[in-house]
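Have a look at the structure below, then the notes.
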Amino acid sequence: MPIAFDERRKIFKLDAAGSSYLIGIHEDRYLAHLYYGAYIPDDNLTDFARRREYASFSASDPDRKDPSFSPDTCPFEIGGSGTADMRIASVAIRNADGNDVTDFRYVSHRIFDGKPALPGLPSLYEETPGDCRTLEILTRDDTTHAECVLRYTAYEKYPAITRSLTLKNGSGKTMEIERAMSLCLDMNSADFDLVTLYGRHNQERNFTRRPLSHGLQGIASRRGSSSHQQNPFLALISRGGGEDHGEAYGFNLVYSANFLGEIEVDYNESARVILGINPDDFGWRLAPGEEFTAPEAVMVFSAEGLGGMSRAFHRLYNHNLIRGAWKTKKRPLLVNNWEGTGMRFDDEKLYAIAKWAAETGIEMFVMDDGWFGRRDDDTSSLGDWFVDEKKFRHGLGAFIDRVTALGLKFGIWFEPEMISPDSDLFRAHPDWAIGVPDRKRSEGRQQYVLDMTRKDVRDYIFERMKDILGNNDVSYLKWDFNRNVTEPGSALLPPEKQKEFYHRYILGTYELMGRIVDAFPGLLVENCSGGGGRYDPGMLAFSPQIWCSDNTDALSRVDIQFGSSLCYPASVQGAHVSASRRSSYETKRNVAMWGSFGYELDPEKIREEDRAAIREQIADYHKYYDLIHRGDLYRLICPWDDPYKCAWEFVSEDKTEALATVLVKFRTEGRNFFLRLKGLDPDKTYVFEENGEEYSGALLMNAGINLFGMPNEDGYSKTLHFTASR
Ligand code: DGJ
């Protein structure tokens, strides 16, 4: 049973595939955190919330039963505010008296099979009956009558626990939530390194690792989206731990807007981890009886280092986050015209690309930005979702008919949340753009952001999208988002609710995405935000793939893919071969195959010899599709460990097939190179496709393949394919 309550000890024990998480109802009904780590069979941890002795400045209740107890040292599941717990708060509610002292204590709990959806928010779900179980703990602040329901779901097949919370105003007066962090975890030690993914446009999700040190450290976004700059992911790995060993704890927020992930190492050498909506510029008014649910945080534990943690995230997301028709259905191999033509195209130019695609074996043509309004460059027309008749002289429907007559599916680009100052929509509804009174709006890519908190705005955009998607044979939608939010404010929100703006914005976006997905259940949606600016699990609940980066240069993109793989599976990673960048087609393909593969080019610019290579690549894409989309990823040589070369490998779940890829980023002199595989069955015999030789799994993992003869050239790459013969 993955969740149990020990009545005698007053301890909850959550077990999730090799991991355990224990919570105790402690002194004075505090909810204490007792343990999180590798599976333990028993729960005798009653004294784990006790610390050696509280420091002289540690305050506590004068009537406490245990004289050594102080909230200053006890590990908690909720970090209160303004109390004797002096660490970073996870919740803070300003009450009608004007103070924000918040102190939740245990009231009751319930344990049940399955997992409830969160109102208005994306979240993981129960894939098959009984694959997860939920614990809800009701806590209350006895003074203010605010309530907090903590919700934990433990997954049977994966070492994962998700957590969310709902705050409720149980008093007769309005309160204001100032902080509602989804995760609050007091680790029993601070002996960890912190791993996070930082970046920028064109270079997202760079791996960085630093030792935890006393005080605060962390990650945040205040950009209105989860952002290119920091991903809402962080991991703790035990000092000296690495890819294959050490205790790794991964945390990811199912949210696509402003977030904060922070760790405080205190004077007791404990580390408090919080993750949730960024409290900067956030507030939420709760009238009597009202509730507020914070987004879900995902926790994954692995005793097999960062590699084990990543594989657990990948399986969990493939099974319990991604949904809809395209969850398991094979994704079409696509060509997108963006890098080939930009916005300068007409129907004949696009048809030429589609024709080449059909002749080459590509399955879908995706028409990117530039098909609507007067959009010949990025200075106008966002919001005017009407087909540009100069570009499509016979109408969009007729063009799509020609494309589908080639045997291709058709996909289309939208940027639904945006509005150009130079657009008919803005001229008609200037108040639909986000902004605040008497202040000039900042422009980003010469565009404004629509006020997605407004239902009238969402209804209008939905109708325009429905018109295009519903009246044409469209199989795929690329949903883009190309700037940050500034001057956050809505013309419809009263002043006291303007702090709710950012969160209401993303709730509005989720609502619109949900409406589109529900109205067009067969549509494949690919999210995008100038590449990977909203590469987060919130978006994955609506779209099973996300365009990973606008950087399609294989040699630098490979780093982005390595970083992304820390918690996001290959199946979600939109990855294309483009013509305009350096490296051979072989290397471009080898990198792009690590994802939902496609092309992004103008076929006119492809050399004759490369055309034939592309046909072969397509055959390989089909050959390895299941292995890459459903197999387990092993990072063999990471760019953060070796600047010269990198290697990765997919192994089928039954361990009968493996595909390893090696990429030389920079030539080096005189180095041995034995590529040691991982994740194979040591007792199986594998045939190496390249030479027909047989090797045991044990040999391949321990001795490896000697790659001494491999060309030592910048940008050279090769794949090594193994299948089990017995
Ligand atoms: C940014 C995306 O990342 C690109 O792929 C492309 O769709 C452009 N936007 C179009 O404006």
Side-chain angles (χ1 to χ4, degrees), residues 199-205 223-229 231 256 334-345 349-350 353 364-385 388 391 410-423 443-450 465 468 474 476-485 524-536 539 543 545-554 556-557 560-561 564 572-581 588 592 595-602:
R200 48 165 298 154
H201 177 236
N202 265 335
Q203 200 62 59
E204 297 89 338
R205 292 174 293 288
R223 293 170 181 269
S225 65
S226 49
S227 87
H228 299 85
Q229 281 71 12
N231 196 266
S256 312
L334 66 83
V335 62
N336 174 304
N337 68 299
W338 176 248
E339 284 210 22
T341 67
M343 296 177 209
R344 299 275 169 184
F345 58 76
K349 177 71 198 167
L350 296 187
I353 299 177
M364 181 160 73
F365 170 73
V366 175
M367 176 174 73
D368 211 282
D369 194 355
W371 57 268
F372 52 92
R374 292 172 291 101
R375 183 103 166 145
D376 295 325
D377 56 37
D378 57 15
T379 58
S380 83
S381 301
L382 292 169
D384 294 345
W385 302 112
D388 180 350
K391 290 180 178 166
F410 179 82
I412 197 167
W413 179 96
F414 272 93
E415 196 174 356
E417 297 151 83
M418 295 293 162
I419 182 167
S420 301
D422 179 8
S423 65
E443 288 184 17
R445 205 193 186 196
Q446 292 142 114
Q447 62 198 56
Y448 299 147
V449 187
L450 276 172
M465 293 179 79
I468 302 283
V474 180
Y476 162 107
L477 163 67
K478 180 171 172 186
W479 184 305
D480 209 343
F481 178 88
N482 285 307
R483 61 158 290 180
N484 296 144
V485 177
L524 171 59
V525 183
E526 174 153 356
N527 250 288
C528 173
S529 171
R534 275 202 311 206
Y535 207 90
D536 61 63
M539 286 293 145
S543 61
Q545 58 193 56
I546 306 182
W547 180 227
C548 175
S549 177
D550 278 344
N551 181 345
T552 54
D553 180 314
S556 53
R557 190 185 174 99
I560 303 171
Q561 298 187 177
S564 307
V572 311
Q573 181 160 269
H576 299 169
V577 168
S578 68
S580 50
R581 316 289 177 143
K588 290 173 187 175
S596 278
F597 186 63
Y599 290 86
E600 177 130 356
L601 41 71
D602 181 352

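Ligands are counted one by one from 1 in listed order, and the atoms in each one are counted from 1 as well.
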- Message: Can you classify the ring geometry of Phe372 versus Trp385 as parallel (below 30°), tilted (30 to 60°) or perpendicular (above 60°)?
- Response: tilted

- Task: Using modelled atom types only, decide if a donor and an acceptor are shared between the side chain of Asn202 and the backbone of Asn551 within a distance under 3.5 Å.
- Result: yes

- Message: Counting neighbours of CZ on Arg200 that are heavy atoms of other residues, nucleotides or ligands and sit closer than 6.0 Å, is the number greater than 12?
- Response: no

- Task: Below 4.0 Å from any atom of ligand 1, which residues have a heavy atom? Give them in chain and number order, please.
- Result: Trp338, Asp368, Asp369, Trp413, Arg445, Lys478, Asp480, Asn482, Cys528, Gly530, Gly531, Trp547, Asp550

- Trp479 CH2 to Ser543 OG distance, which is reported to the nearest 0.5 Å: 10.0 Å

- Query: Is the backbone of Ser529 close enough, under 3.5 Å, to the side chain of His228 for a donor and an acceptor to pair up by distance?
  - Reply: yes

- Is the distance between the ring centroids of Trp371 and Phe414 less than 6.0 Å? yes

